[in-house]
Amino acid sequence: MSYSEFKTIAEVSDRFDLTVDESKNLFADIAPVKVSEFLQQILERNIPLASAINTEKARSELLIAPTLLEIRHIYKNEVGFFSGSEFNIDSELGLNGYCDFILTASREIYEICRPVLTLVEAKNENIKGGLPQCMAEMIAAQKFNLRDNINLPIYGAVTTGIIWQFLILEGNLLCIDLREYYIRDTDKLLAILSHPFQTLK
């Protein structure tokens, strides 16, 4: 198996003995983050084009990558950014394959280094269909970090570029946010994506 072969939330939770909680608004109280004029201009130009092309690749390149790179900018390049990278952790458990986007709390840009904090899975339209794959990637990140005794919450997101849904994995508890966020709520999106990296400041 690989990450993309996980098709249901139940399949992932059963295989990895997870408790899944879908009842919380995880980021209700988070304070918005100021959006740079640079990102505002990029999104203003790219949202209509990405929506018109309407492919996963276009949305990834035009919307998702610029938004994630803003986090790297906010933290003065102390965040590692990886796109379409192989992340093979345990092939026997199906924790192998390629991840759309990975953010790490490391300056390293040539190699994925610990700690991995955020996994983002891009989907053209089907948010729900991307949740199991993202969950599996988050479990892989948790196992990867624990090799160095790093036990931090792992954040995940499944996004069409326009709509974003977030997840948090702590131990065996995986929470799926009740709320979806939209690209035009950019200040709130950046606040959520920044959250795992707050200690870097």
Side-chain angles (χ1 to χ4, degrees), residues 21 24-44 46-47 50 59-85 87 99-109 112-123 127 130-131 134-135 137-142 144-145 150-171 173-201:
D21 183 350
K24 294 183 176 68
N25 186 341
L26 298 175
F27 303 102
D29 300 322
I30 202 164
V33 166
K34 181 175 172 57
V35 184
S36 70
E37 188 176 335
F38 179 71
L39 181 60
Q40 287 177 15
Q41 290 176 352
I42 287 176
L43 294 179
E44 193 87 8
N46 289 358
I47 287 172
R59 289 166 182 256
S60 291
E61 292 172 346
L62 298 173
L63 303 179
I64 302 169
T67 302
L68 296 178
L69 285 168
E70 183 79 353
I71 303 303
R72 183 170 159 79
H73 172 72
I74 288 169
Y75 290 101
K76 304 186 187 324
N77 297 331
E78 295 288 340
V79 171
F81 169 89
F82 298 88
S83 174
S85 298
F87 191 51
C99 298
D100 288 334
F101 297 97
I102 296 174
L103 297 181
T104 72
S106 166
R107 291 183 65 90
E108 179 63 56
I109 59 174
I112 298 169
C113 292
R114 300 176 187 86
V116 172
L117 294 186
T118 304
L119 294 300
V120 178
E121 184 59 32
K123 290 295 174 190
I127 293 280
L131 291 173
C134 187
M135 289 167 62
E137 293 169 2
M138 293 167 71
I139 292 161
Q142 184 183 65
F144 178 68
N145 288 346
I150 298 171
N151 189 13
L152 295 169
I154 305 296
Y155 290 72
V158 180
T159 177
T160 64
I162 301 294
I163 303 169
W164 295 66
Q165 185 161 23
F166 291 94
L167 311 86
I168 302 176
L169 174 65
E170 294 190 74
L173 176 63
L174 187 132
C175 296
I176 302 173
D177 201 353
L178 262 180
R179 189 181 158 188
E180 293 178 340
Y181 293 86
Y182 292 82
I183 191 68
R184 294 202 183 273
D185 303 321
T186 315
D187 55 351
K188 193 78 170 182
L189 269 184
L190 291 180
I192 296 168
L193 290 166
S194 294
H195 192 65
F197 302 96
Q198 289 293 325
T199 57
L200 297 180
K201 280 193 167 183

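Quick note: residue numbers are just sequence positions, from 1.
Of all heavy-atom pairs between Val116 and Ala141, the closest is CG1-CB, 3.7 Å. When all heavy atoms of Glu70 and Ser36 are compared, the pair lying nearest together is OE2-OG, 2.7 Å. Between Gly130 and Lys123 the shortest heavy-atom distance is CA-CE, 3.7 Å. In this structure, Cys134 and Leu167 approach most closely via the heavy-atom pair SG-CD1, 4.0 Å. Of all heavy-atom pairs between Ile74 and Ser194, the closest is CD1-OG, 4.1 Å. Leu39 and Pro66 get closest at one heavy-atom pair: CD1-O, 3.7 Å.
A 6.0 Å sphere centred on CZ of Arg184 holds no more than 12 heavy atoms belonging to other residues, nucleotides or ligands.
Annotation: side chain of Tyr181 is in contact with side chain of Phe27 (closest heavy-atom distance under 4.5 Å). The shortest side-chain heavy-atom distance between Leu117 and Leu103 does not fall under the 4.5 Å cut-off. Considering only heavy atoms from C-beta on, Asn145 comes within 4.5 Å of Pro115 through its side chain. At least one side-chain heavy atom of Gln198 sits less than 4.5 Å from a side-chain heavy atom of Tyr75. At a threshold of 4.5 Å between non-hydrogen side-chain atoms, the residues Trp164 and Val120 count as touching. Here the side chains of Thr118 and Phe197 are in contact, with some heavy-atom distance below 4.5 Å. Residues Leu193 and Phe166 form a side-chain contact, since some pair of their non-hydrogen atoms from C-beta on lies under 4.5 Å apart.
Once rounded to the nearest 0.5 Å, the distance linking CD of Glu121 with CD1 of Ile127 reads 10.0 Å. For the atom pair CG of Asn46 and CD of Gln41, the computed distance is 11.0 Å after rounding to the nearest 0.5 Å. Between the CG atom of Asp100 and the CG atom of Leu119 there is a distance of 10.0 Å, given to the nearest 0.5 Å. One distance of note links OG of Ser83 with CD1 of Ile64; it measures 9.5 Å at 0.5 Å rounding. Between Ile183 atom CD1 and Leu43 atom CG the span is 5.0 Å, to the nearest 0.5 Å. To the nearest 0.5 Å, atoms CG (Leu174) and CD (Gln142) are separated by 9.5 Å.
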* Step-by-step side-chain contact (heavy atoms from CB on, under 4.5 Å) determination, Ile109 to Arg72 -> CA-CA 11 Å; Ile109 59 174; Arg72 183 170 159 79; 3.7 Å; yes
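Aromatic rings of Phe144 and Phe87 (six-membered ring for Trp) have centroids within the 6.0 Å cut-off, being under it.
No donor-acceptor pair closer than 3.5 Å links the side chain of Lys188 to the backbone N or O of Tyr182. Judged by distance alone, the side chain of Gln165 and the main-chain N or O of Asp177 form a donor-acceptor pair under 3.5 Å.
Between the side chains of Thr186 and Gln40, not a single donor N or O lies within less than 3.5 Å of an accepting N or O.
A tilted orientation is assigned to the rings of Phe101 and Phe81, their planes being inclined by 30° to 60°.
Checked options Asp185, Leu190, Asp187; the residue passing with Pro32 is Asp187 (criterion: side-chain contact (heavy atoms from CB on, under 4.5 Å)).
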